[in-house]
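Have a look at the structure below, then the notes.
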Amino acid sequence: MGGSRPPDNAYEGSAAGRLDVPSETKAVIGRGTWMDKVAHDVLVRERGLGRSLSMVRVESGLGASGIPHVGNLSDCVRAFGIKLALEVQGVRSEHIAFTDDMDGLRKVPAGLPDSVDLTKYIGHPVSRIPDPFSCHDSYGGHMGFLLLDAMDKLGVEYVHESATENYRRNRFARQVRAILARSEEIGAKIRELTGQEKYEEALPFFPICAECGRIYTTKAVSYDARTDGVGYRCEGAELRGRRLEGCGYEGEAKVTSGEGKMSWKVEFAARWSALDIRYEAYGKELADSVRINDWVSDEILGFPHPYHVKWELLLDRSGKKISKSEGGLVTPQTWFRYGTKESLVLLMFKRIVGARKVSIEEIPKYMDEFDWLEDVYHGKARVDSEGKLVKLKGLYEYVTYLKPPAAPSQHVPFRLLAELAGVAPKDAWQDYVVARLKAYRAISEPTPGLLLRIEMARNWATTAGGRPAPVKLTAEQRAAVDDLAGRLAAADSADYIQNQIFEVGRAHGMQPSEFFRLLYAILLGSEKGPRLGPYLYDMGVETAVKALSRKG
RNA sequence: GGGCCUGUAGCUCAGCCAGGUAGAGCAGUCGGCUCUUAACCGACUGGUCAUGGGUUCGAAUCCCACCAGGCCCGCCA
């Protein structure tokens, strides 16, 4: 494959990430989703390159420098989706999840336990920093675990690799030697492609300082091919606008024994080559790094770079990039409190192009959309065209990892569940919701799956929806509410309470609708709510009186 | 300096990645469910798909240009 030119020269800025389909293919590829399209394009390209298709590996990267959020996870889940799509096309495939745990800690994220003073570990490889949660062998181990745990919960298959392990076992020996031997050429190329001048001076390798243990403060200045040694000085660096002073140590690190790592500008290429990766997606913030890595892979390592898809970053609800170091991020673990795994996988599989806003508020939408997809798949919901039907069925099949259940589950709109669960009496919310659903004839008996959803809906409604703020009442309103509270003591049925509300309202010169709004404001913090008679009755007379008597 | 995303009904958005008669929810209007909020049911109203070109039998969708808002890169990994 030496001189063969890859069909898409991503480092020239052309086709990377685009989904052009050859115009002659009108037939549906695979199951008709973007993943099938990508898998198809990967295979077309691989055939053009003449590479073996006995195993087509895809890779995703796992950041280990902070609490992983949904955006980090989506790269892994989508890579798994591509693996499934490749298998649909009849080739064997494997998903490598690669943890970047040799990376240095750049900033202490907010919201971590203070059992470890992390500020003194700034610049250290995260696999050599103690775990502030004290449950894993290192900081990086903990963060990596959170991602692997989320994948396990989602049922995503992967083969885990860690940077630390790979360097220790000297898995990149051939690549690192080839890169360092031609570092001058690479430095010039980096400057040409990105304007970054740094690697005209320094080698693209970061030794871990033998003296102070930090990795980003060192500058590699020489390479001896006979000894595999890199000479370096610990001279400090700019990290996120702040100066990190070096310790001044000068020494030599072996590139073959885990005493340092390559810069990201060349490390991806080394990984692709060493692990034989044929596909890897990337976020747009890495576009420049990927262009250089493609060139390094092709020209320095003689390994035609993997096919790429570029995804837009996931955004928070205000449209900003999700940041690990700021609060309010949606972790996979948070999502699972409010939504099913299918809802999260749907979010990730639905589209690859375009930005996605990710926030807790969106969860009901994905819950309901999954149910709808399930109905479409099982022929219980109509779709306008045959083409759309094929694609939607395909999407459903991928969300269920190509093992769709024989029959749809019990469907109740999630917002209805949330509404009911949110207003339900605190000590009997599940019974209350189930009783209401039966009354609405939404269900006859709840399945375990539905009970789980009710719990998620309650979490969603009580946490994400917020609690009612105290209401300020006029003297007249207070009198009316107190009057009602007084009459509740004698209540022996839901209907009685319902009727009393009307009577009390009128007795105090209010329109019924006005009085109802007032009561909803006091009880629920909203203008609307469930039928009040049964609600107050279910709540229990004493509790109801207490709730109504609460002073604003 | 380079690149990306977003712009569709009053509001929030879907549809765009593989072109085939513009959609949903909410809001509004009218009606039904015998006082009633919720829920539900029926109907109605509402969009030159930011703008201008191009390709096509056919464009919200593909291409080019342009306007507006936002983001990423040009420290670093």
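Just so it is clear, the structure is predicted and the values come from calculations on it, not from any experiment. Atoms considered below: every heavy atom in the structure, side chains included; atoms not considered: hydrogens, waters and symmetry mates. A note on names: the letters A, B, ... follow the listed sequences, proteins ahead of strands, and every chain is numbered from 1.
Contact annotation: side chain of Arg351(A) to base of C17(B), donor-acceptor pair absent below 3.5 Å.
Residue whose closest nucleotide on RNA chain B sits further toward the 5' end, between Thr194(A) and Gly104(A): Thr194(A). Take the nearest nucleotide of RNA chain B for Lys265(A) and for Thr33(A): the residue whose nucleotide is more 5' is Thr33(A).
Ion pairing between a basic and an acidic side chain is recognised when a charged N comes within 4.0 Å of a carboxylate O; Arg128(A) and Asp101(A) show no such pairing. Using a cutoff of 4.0 Å between basic side-chain nitrogens and carboxylate oxygens, Lys350(A) and Glu369(A) are scored as salt-bridged. The pair Asp483(A)-Arg487(A) meets the salt-bridge criterion, with a side-chain N (NZ, NE, NH1 or NH2) lying under 4.0 Å from an Asp/Glu carboxylate O. Here Lys198(A) does not pair with Glu200(A) in a salt bridge; the nearest charged N to carboxylate O distance is not below 4.0 Å.
Between the NZ atom of Lys391(A) and the P atom of G20(B) there is a distance of 7 Å, given to the nearest Å. Rounded to whole angstrom, the span from the CG atom of Leu347(A) across to the C1' atom of A14(B) amounts to 14 Å. Counting to the nearest Å, the C1' atom of A24(B) and the CG atom of Leu373(A) are 15 Å from each other. In this structure, the CD atom of Glu369(A) is 10 Å from the P atom of A14(B), given to the nearest Å. Atom CD in Glu201(A) sits about 16 Å away from atom C1' in C75(B), given to the nearest Å. Rounding to whole angstrom units, CG of residue Leu395(A) and C1' of C17(B) are separated by 13 Å. With rounding to whole Å, Gln500(A) atom CD is found 19 Å from U37(B) atom P.
Comparing the P positions of G42(B) and G25(B) gives a spacing of 11 Å, expressed to the nearest Å. Nucleotides A39(B) and U21(B) have their P atoms positioned 33 Å apart, rounded to a whole Å. For the C1' atoms, the distance from C11(B) to G47(B) is 14 Å, rounded to whole Å. The separation of A38(B) from G19(B), taken at their C1' atoms, amounts to 43 Å, rounded to a whole angstrom. Using C1' as the reference atom, G7(B) and C16(B) are 13 Å apart when rounded to the nearest Å. For the P atom pair drawn from A59(B) and A22(B), the interatomic distance equals 10 Å after rounding to whole Å. C49(B) and U61(B): their C1' atoms are spaced 10 Å apart (whole Å). Comparing U51(B) with U6(B), their C1' atoms are spaced 15 Å from each other, to the whole Å.
Out of C17(B), A18(B), C76(B), the shortest distance to the side chain of Trp34(A) is found at C17(B). Distance from the side chain of Asp36(A) is smallest for A18(B) among the nucleotides A18(B), C13(B), C72(B). Of the candidate nucleotides A18(B), C76(B), C16(B), C76(B) has the atom lying nearest to any side-chain atom of Gln196(A). Checking C72(B), C76(B), A18(B) against every side-chain atom of Tyr216(A), the shortest atom distance belongs to C76(B). Distances were taken from every side-chain heavy atom of Lys198(A) (C-beta onward) to each of C73(B), C76(B), A14(B); the shortest belongs to C76(B).
Across all strands, Thr217(A) comes closer than 4.0 Å to no nucleic acid atom at all (heavy-atom distances). At the heavy-atom level, Phe268(A) lies nowhere under 4.0 Å from the strands shown. At a threshold of 4.0 angstrom between heavy atoms, the contacts of Lys261(A) are confined to the sugar-phosphate backbone, with no base atom among them.
Residues that satisfy the side-chain hydrogen bond (donor to acceptor under 3.5 Å, both in side chains) test with Arg214(A), not counting sequence neighbours, are absent from this structure. For Glu259(A), the side chain to side chain contact (heavy atoms under 4.5 Å, CB included) partners two or more places apart in sequence, or in a different chain, are Ala253(A), Lys254(A), Ser257(A). Every residue was checked against the ring pair (Phe, Tyr, Trp, His ring centres under 6.0 Å) condition with Tyr139(A), not counting sequence neighbours, and none meets it. Every residue two or more places apart in sequence or in another chain that forms a side chain to side chain contact (heavy atoms under 4.5 Å, CB included) with Asp103(A) is listed here: Asp100(A), Tyr216(A), Lys261(A), Trp264(A).
Because its NZ or CZ atom is both nearer than 6.0 Å to the ring centre of Phe98(A) and within 45° of the ring axis, Arg271(A) counts as a cation-pi partner of that residue.
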Distances for protein N/O vs nucleotides 1-4 of chain B N/O pairs under 3.5 angstrom?
from  : atom 1 : to        : atom 2 : distance (Å)
C4(B) : O2'    : Glu312(A) : OE1    : 2.4
C4(B) : O2     : Lys284(A) : NZ     : 3.1

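When base pairs are accepted only as Watson-Crick or G-U wobble with both N-N or N-O distances under 3.5 Å, RNA chain B takes part in stems of 3 or more pairs at B:1-7 with B:67-73, B:10-13 with B:23-26, B:28-32 with B:40-44, B:51-54 with B:62-65.
Within the 6.0 Å centre-distance limit, the rings of Phe370(A) and Tyr396(A) are counted as a close aromatic pair.
Close to G15(B), at under 4.0 Å from its OP1 or OP2, lies a side-chain N or O of Lys350(A).
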For this session: Assess whether ring-ring contact (aromatic ring centres under 6.0 Å, His included) is satisfied between Trp34(A) and His40(A), documenting all intermediate values.
Result: CA-CA 10 Å; Trp34(A) 65 269; His40(A) 176 259; over 10 Å; no
